[in-house]
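To start, the structure itself, in structure tokens.
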Amino acid sequence: MSAWFLAFATLLLLSLAGALWRIWRGPEPADRMMAAQLVGTGGVGVVLLLAAASDWQMLDVALVLALLAAFAAIAFVKAQSVDGSGDPEEDPVSPAAGTDPTTIQPGRAPDAR
Amino acid sequence: MPADIVTLVLCGAGLVFFFAGTAGIIRFPDTLTRLHALTKADNVGLGLLITGLAFQAPDWQSVGKLVLIWAMALIAAGTTAQLVARSALQQQDTSQ
């Protein structure tokens with residue numbers, strides 16, 4: 001039975017390989033972030049299958065991985081926003097009132113804007 | 001023995017959805033369509049995988065943890081997909 005789970009886990013890793021291709025080719029940063037999300041969800045699936053194959057205590061690992069995958073996407077969105085706050089109501093070009101983008105600009109290459 | 005068969009069938013179906021999500025992320029033309037395909041297909045795949053594994057769980061606590069993981073993944077994927085989509089749209093607006 002656990003051999004089946006290990007086989008499923010390896011197949012799932014193949015699907016993650018598809019995500020690596022998207023990371024390499026993805027035109028916009030959002031595509032690369034999406035592939036990272038796929039790796040996160042696929043990773044949770046792999047850890048669950050390994051938990052079923054060997055040790056059920058690994059369920060906590062899958063829970064933490066699901067949580068961290070969410071934080072990675074949120075960090076990406078905050079880094080993409082003009083003044084790093086990721087404020088949904090902010091105007092995409094001009095930052096929130098009172099914050100000067102040049103002073104608190106997160107360290108990004110000029111062409112990434 | 002029947003529980004093993006049910007687990008294998010459900011995990012297989014979950015795997016099919018994972019591959020559908022990966023095929024979607026590779027083949028789709030636009031950023032937002034890829035995001036759509038990825039978020040939906042992966043969560044259905046994970047849901048099927050978790051229901052399949054629930055039959056193998058040794059005790060009810062593990063089943064509860066499995067359901068918790070799936071709820072977490074659903075909520076996280078829903079919100080992050082919205083955030084990434086808004087950020088991608090804003091980037092497209094400012095770059096034109």
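Chain letters run A, B, ... following the sequence lines, proteins first, then strands; residues in each count from 1.
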Among A:Leu16, A:Leu63, A:Leu49, single out the residue with the greatest number of heavy-atom pairs under 4.5 Å to chain B.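 If we count pairs closer than 4.5 Å to chain B, A:Leu63 comes out on top.
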Among A:Phe76, A:Trp21, A:Trp56, which residue forms the greatest number of heavy-atom pairs with chain B at distances under 4.5 Å?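 The answer is A:Trp56.
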To the nearest 0.5 Å, how far apart are [atom1] in [X] and [atom2] in [Y]?
X       : Y       : atom1 : atom2 : value
A:Asp31 : B:Asp30 : CG    : CG    : 8.5 Å
A:Leu14 : B:Thr22 : CG    : OG1   : 9.5 Å
A:Glu28 : A:Met33 : CD    : CE    : 15.0 Å
A:Phe8  : B:Leu49 : CZ    : CG    : 8.5 Å
A:Asp60 : B:Ile69 : CG    : CD1   : 7.5 Å

For [X], is it the side chain, the backbone, both or neither that has a heavy atom under 4.5 Å from a heavy atom of chain A?
X       : result
B:Ile50 : side chain
B:Ile25 : both
B:Thr7  : side chain
B:Leu8  : both

Considering only heavy atoms, which portion of A:Phe71 lies under 4.5 Å from any heavy atom of chain B: side chain, backbone, both, or neither?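 Looking at A:Phe71, nothing touches chain B.
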Which atoms of A:Met34 are under 4.5 Å from chain B, going by heavy atoms: the side chain, the backbone, both sets, or neither?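 For A:Met34, the contact with chain B is made by backbone and side chain together.
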With chain A as the partner chain, list the residues of residues 52-61 of chain B whose heavy atoms fall under 4.5 Å from it, by residue number, and write 'none' if nothing qualifies.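 If one takes a 4.5 Å heavy-atom cut-off, the residues of residues 52-61 of chain B near chain A are B:Leu53, B:Gln56, B:Ala57, B:Pro58.
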Return yes if some donor-acceptor pair links the side-chain N/O of [X] with the main-chain N/O of [Y] below 3.5 Å, else return no.
X       : Y       : answer
A:Thr41 : A:Gln37 : yes
B:Arg34 : B:Pro29 : yes
A:Ser54 : A:Ala51 : no
B:Thr39 : B:Leu35 : yes

Do A:Leu65 and B:Leu74 share a hydrophobic cluster, counting only Ile, Leu, Val, Met, Phe, Trp and Tyr and linking them when any side-chain heavy atoms are less than 4.5 Å apart?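 In one cluster: yes.
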